[in-house]
Amino acid sequence: MASKNKKLNLKDKYQYLTRDMAWEPTYEKHEDIYPDESFEGIKIINWDQWEDPFRLTMDTYWKYQAEKEKKLYAIFDAFAQNNGQQNITDARYVNALKLFLSGISPLEYAAYQGYARVGRQFSGAGARVACQMQAIDELRHAQTQQHAMSHYNKHFNGLHDASYQHDRVWFLSVPKSFFDDARSAGPFEFLTAISFSFEYVLTNLLFVPFMSGAAYNGDMATVTFGFSAQSDEARHMTLGLEVIKFILEQHEDNVPIIQKWIDKWFWRGFRLLSLVGMMMDYMLPNKVMSWAEAWEMYYEQSGGALFKELERYGIRPPKYQDVANAAKNHSSHQTWATFYQYSQATNFHTWMPQEEEMAWLSEKYPETFDKYYRDRFEHWDKEQKEGNRFYNNTLPQLCQVCQIPTIMTEKDDPTVFSHRQIKHEGERYHFCSDGCCDIFKNEPEKYIQAWMPVHQIYQGNCGGADVATVVEKYYHIVPGVDNMEYIGSPDHQRWLDIKGLKPLSASRDKTAAA
Ligand SMILES: [Fe+2]
Ligand SMILES: [Fe+2]
Ligand SMILES: [Zn+2]
């Protein structure tokens, strides 16, 4: 450290308040104290070269966070007291929140657990402090999201058992397995997966759709959470970028390992985001921007600049990004169509887009919407109006890696499924794409363990021999209340009552607390 008579600069002072509290052990071996730092093949030559991504001492952390929390909870209280949920654009919007609370909020909690672990495992004390601060940030997000959603849960269906459903419901194994994959990996892969790929590269594609979606649709509770979390996320992004540069600079042998992880987690993150793309294009009554525009701005442009910067470390842009770029014009339509036909088994409703929404989709997707998707939706709309609302009663094939139904199509031909299959140790496995197939081939012993919800239903492990029983008894989705079509649902009914568009209906009270 600096000499005694010179005043410490900011950087050195922060090191003095963090790293200087650690020491070289004498009566335990270094590798016994930090046993998880070597098996992934990453080599750290000198932890002293760690640059702190941010320099908050604990007393400043408590001070800033307490100020933010005071304001946040004042607004949550005012929102609840004034029944702010009645100011949203339309009750269809709340289905985005159902997806959020059961799909995303449990990931905040999983991130809290993951960062708490790596905040023990790294031998660099600076890395530990940064990871532990992120861990408690993520716990803040998990808990404030419970509070933000709690008043909605009193007034709408589908929100009453989110973390329970996260472990069980078929489509929620998409986010769940994403984070289980990250948390069962070693600490360096965890950081590449979550800090870099998720919190840096893809973060705006998750954050902006939900938070701006709330702003455009009159949801003050969620948008206030979004604003209040922004300064936390700025810290997480800095950690994501600093950590990847640090690992890359430490040893040339780290480069190919990191590249493989970037390829893997870009693809897994991209697949996870297909849920967000569908939400953005179909579930928000007032649109923010199309998924294609969001992907262009936040991935193709920002990601392009980032990967240009990383070139000097010998890193190239993620494998199959060209496939992902092309998919921006298809993914939300393919995903919504899938959920439309399987919403007998979801905790949120689906519906056919209204005429002006279809017009917006035609405009935003000039090459694809009218050509491939409009006809299908108009057909279903007609069927629905004739009393034959379409539900598909046979369960879909799932991808062994991302666990999404294998609904995706070839880059050059959107009429052909990009299904792949391979044999591994005498067993056959199926994939949605080359992206997921490559990931499997690199770590087959990991992915053969996957808890595939559709397979588990057929194995008899989900509390019922038919889908309706599984949905009700095992998923805790209340039939005819939480699931199925939006039009005519109890949420729809209640919304019409609130807006005085129909006389108060008897269904109102009995469904409110489902
Ligand atoms: Fe978070
Ligand atoms: Fe975060
Ligand atoms: Zn897949």
Side-chain angles (χ1 to χ4, degrees), residues 53-54 65 68 100 103-116 130-146 148 171 173-175 177-179 181-182 190-191 193-207 210-211 222 225-226 228-241 243 264-275 320 323-324 327 331 334-335 338 396-409 417-422 429-441 447 450 452 454:
F54 46 82
Q65 298 299 88
K68 287 195 281 183
F100 186 70
I104 308 299
S105 300
L107 304 187
E108 304 276 14
Y109 195 77
Y112 151 62
Q113 294 178 316
Y115 280 99
C131 288
Q132 286 171 8
M133 273 197 196
Q134 178 150 356
I136 53 173
D137 280 350
E138 301 299 0
L139 183 58
R140 169 181 191 241
H141 299 169
Q143 293 179 335
T144 47
Q145 284 169 21
Q146 301 304 312
F171 73 94
S173 76
V174 174
S177 68
F178 175 92
F179 243 89
D181 192 344
F190 179 83
L191 280 199
I194 307 302
S195 283
F196 179 71
S197 303
F198 198 67
E199 299 259 31
Y200 192 86
V201 183
L202 300 173
T203 184
N204 282 326
L205 287 155
L206 182 73
F207 210 71
F210 277 106
M211 300 312 151
T222 305
F225 162 78
S228 173
Q230 224 152 35
S231 50
D232 302 342
E233 289 313 325
R235 265 186 273 122
H236 302 174
M237 287 181 78
T238 327
L239 174 60
L241 190 59
V243 83
K264 169 181 172 182
W265 289 98
F266 166 77
W267 190 260
R268 288 223 63 175
F270 158 64
R271 278 293 187 244
L272 175 61
L273 287 173
S274 52
L275 292 172
Y320 301 124
V323 179
S331 133
Q334 293 174 342
T335 310
T338 304
Q397 177 185 61
L398 301 182
C399 173
Q400 190 70 29
V401 171
C402 69
Q403 303 202 18
I404 299 177
T406 53
I407 58 169
M408 284 74 175
T409 51
F417 287 120
S418 51
H419 170 251
R420 302 288 182 268
Q421 55 174 310
I422 58 168
Y429 298 94
H430 302 268
F431 310 94
C432 66
S433 56
D434 289 322
C436 283
C437 190
D438 281 10
I439 294 172
F440 180 93
K441 283 187 202 153
Y447 297 100
M452 307 272 283
V454 167

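In listed order, ligands and their atoms are each counted from 1. Along the sequence shown, residues carry numbers from 1.
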Next on the checklist: side-chain contact (heavy atoms from CB on, under 4.5 Å) for Phe171 and Leu398? Distances and angles first, verdict last.
Outcome noted: CA-CA 10 Å; Phe171 73 94; Leu398 301 182; over 6 Å; no
Checklist entry - Is the His141 to Phe225 ring centre distance short of 6.0 Å? => result yes
Checklist entry - Are Ile194 and Tyr115 close enough that some pair of their side-chain heavy atoms sits under 4.5 Å apart? => result yes
Checklist entry - Sorted by chain and residue number, which protein N/O/S atoms are under 2.8 Å from the Fe ion (ligand 1)? => result Glu108 OE1, Glu138 OE1, His141 ND1
Next on the checklist: Just checking Phe178 against Phe198, ring centres under 6.0 Å apart?
Outcome noted: yes
Checklist entry - Does the side chain of Ser274 come within less than 4.5 Å of Met408's, by heavy atoms? => result yes
Item to check | Smallest separation among heavy atoms of Gln400 and Tyr447, with atom names | outcome: NE2-O, 2.8 Å
Checklist entry - Counting only protein N/O/S, how many atoms fall short of 2.8 Å from the Zn ion (ligand 3)? => result 4
Checklist entry - Hey, are the side chains of Pro53 and Val243 touching, using non-hydrogen atoms and a 4.5 Å cut-off? => result no
Item to check | Flag side-chain contact, heavy atom, 4.5 Å: Ser433 against Val323 | outcome: no
Next on the checklist: Tell me whether the count of non-hydrogen atoms from other residues, nucleotides or ligands lying under 6.0 Å of OH in Tyr320 goes above 12.
Outcome noted: yes
